[in-house]
Peer 1: 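Below: one structure in structure tokens.
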Amino acid sequence: MTSTENKKTSIFSNLTTQILIAMFVGAILGIIIHNNWTEEAAKEFSGYIKLLATIFIRLVQMIIAPLVFTTLVVGIAKLGDIKAVGRIGGKALGWFFSASLISLLIGMFWVNILQPGVGLHLSDVDLSTATEVTDKTQNFSAQNFIEHIIPKSIVEAMATNEILQIVIFSIFFGLAAASIGEYAKPVVSALDKTSHIVLKMVNYVMKFAPVGVFGAIAGVFAVRDFNELLLTYAKYFGSFLVGITSLWVFLLFIGFLFLGKRLKTLLQHIVSPLIIAFGTTSSEAVFPKLTEELERFGVKDKIVSFMLPLGYSFNLDGSMMYMTFASIFIAQAYGIDLTIGTQLTMLLVLMLTSKGIAGVPRASLVVVAATCGMFKIPIEGIALILPIDHFCDMFRSATNVLGNALATSVVGKWEKED
């Protein structure tokens, strides 16, 4: 290993260590505040301390749109032709839909085997807490879904960080640039240089990651009694952990089949993004850092810039597993018996409606609520899982990152072999 690589590894390890320390200190501080302050004072403290996490996530969001646009356009232009884009896109979508289907099936399998919703008492649940999520389902329709995918303005898409819309525009722009050839080289070169500047910004932003994670964890533990939540939702949370662990085992096994011993190296590279996603409950928050680490791992920049934006729209494995798990759990809690045929239909609906959801907190709950509505399951049942959802979100966000890292690395390996 060269001195430069040693230096990179040292920096990487320091950031990971700082984030882990920040998580631990944040949890301790939050627990102290929760146990010693009044409920009102703790909520006020939580609101202020969470600003640290908000600042970090907004700093990352500031970078995402220019990073996706510049890297994806340059990546497609470097691929050179529509055939190459189609070949890699075909491999990507094949992986994404296979992984999504298996993730959904894992969630469906464990919620039926362990039945965490059976016998649940609903009397103590405040159904009004679900209003924020259920209100968003009113605009959830096929028409709005299509409108969400296709941008009417790239400026609006960038302003609102709609990754899938930016991806659609960037693909068209990149293909047009590739078809022009030499004439477009100055523009592609300028965008290439811009992408490197943005990646340099990533290094600056990531220095704030431990502070952001500290704020997120401290804010949650200040207002939530984790022990009480765990006792109340032990069966639900325990069943969810069984499902998410099964998904990790599956993903790592598939990763080992394709990457072999290099899987260990990949995990070493993505441990920091995994922890950040876990602490902030946002897989979107690590998009720039994950881009950088996958390139360091050895995946060609044109593959990373093409795969990751697509993956963040089509390959959210942790969220997919959670969607079937949560939807069927709510049905169990209300005593609604869903046949296997109905559950498989629900699975297919989730497969389609979930594509394009943002990798941000609570996005998957909107899809769950909408799906419940389609199958005559009370959407107010979302209130049942809201108290523990933040902790589930930590695991599913990290799983989303793992799934996208594996997909990008495997497709990158396939392209080397072709």
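Residue numbers count from 1 along this sequence.
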Peer 1: Sequence neighbours excluded, which residues qualify as ring-ring contact (aromatic ring centres under 6.0 Å, His included) partners of Y322?
Peer 2: F240
Peer 1: Would you list the atom pairs, donor with acceptor, under 3.5 Å between side chains in residues 42-60 and any protein atom, with sequence neighbours excluded?
Peer 2:
unit_1: S46; atom_1: OG; unit_2: G219; atom_2: O; d: 2.7
unit_1: T54; atom_1: OG1; unit_2: K50; atom_2: O; d: 3.1

Peer 1: Which residues pass the side-chain contact (heavy atoms from CB on, under 4.5 Å) test with T342, not counting sequence neighbours?
Peer 2: L338, T339, F375
Peer 1: Could you pull out all residues at least two apart from P378 that satisfy side-chain contact (heavy atoms from CB on, under 4.5 Å)?
Peer 2: Y334, I336, E380
Peer 1: Run the side-chain donor-acceptor check on residues 303-311: report pairs under 3.5 Å with partners two or more places apart or on a different chain.
Peer 2:
unit_1: S305; atom_1: OG; unit_2: T71; atom_2: O; d: 2.9
unit_1: S305; atom_1: OG; unit_2: D301; atom_2: O; d: 3.0
unit_1: S305; atom_1: OG; unit_2: K302; atom_2: O; d: 3.1

Peer 1: Holding to side-chain contact (heavy atoms from CB on, under 4.5 Å), I want the full list of residues that pass it with T160, two or more places apart in sequence or in another chain.
Peer 2: E162
Peer 1: Not counting sequence neighbours, which residues clear ring-ring contact (aromatic ring centres under 6.0 Å, His included) with F297? List them please.
Peer 2: none
Peer 1: Scan for salt bridge (Lys or Arg N to Asp or Glu O under 4.0 Å) pairs involving residues 258-281, sequence neighbours excluded, and state none if there are none.
Peer 2: none
Peer 1: Could I get the full list of side-chain contact (heavy atoms from CB on, under 4.5 Å) partners for I197, not counting sequence neighbours?
Peer 2: none
Peer 1: Using the test side chain to side chain donor-acceptor pair (under 3.5 Å), find all partners of T324 that sit at least two apart in sequence or belong to another chain.
Peer 2: none
Peer 1: Can you sort out the partners of F287 under ring-ring contact (aromatic ring centres under 6.0 Å, His included), two or more places apart, ordered by chain and number?
Peer 2: Y312
Peer 1: Which residues pass the salt bridge (Lys or Arg N to Asp or Glu O under 4.0 Å) test with K185, not counting sequence neighbours?
Peer 2: E182
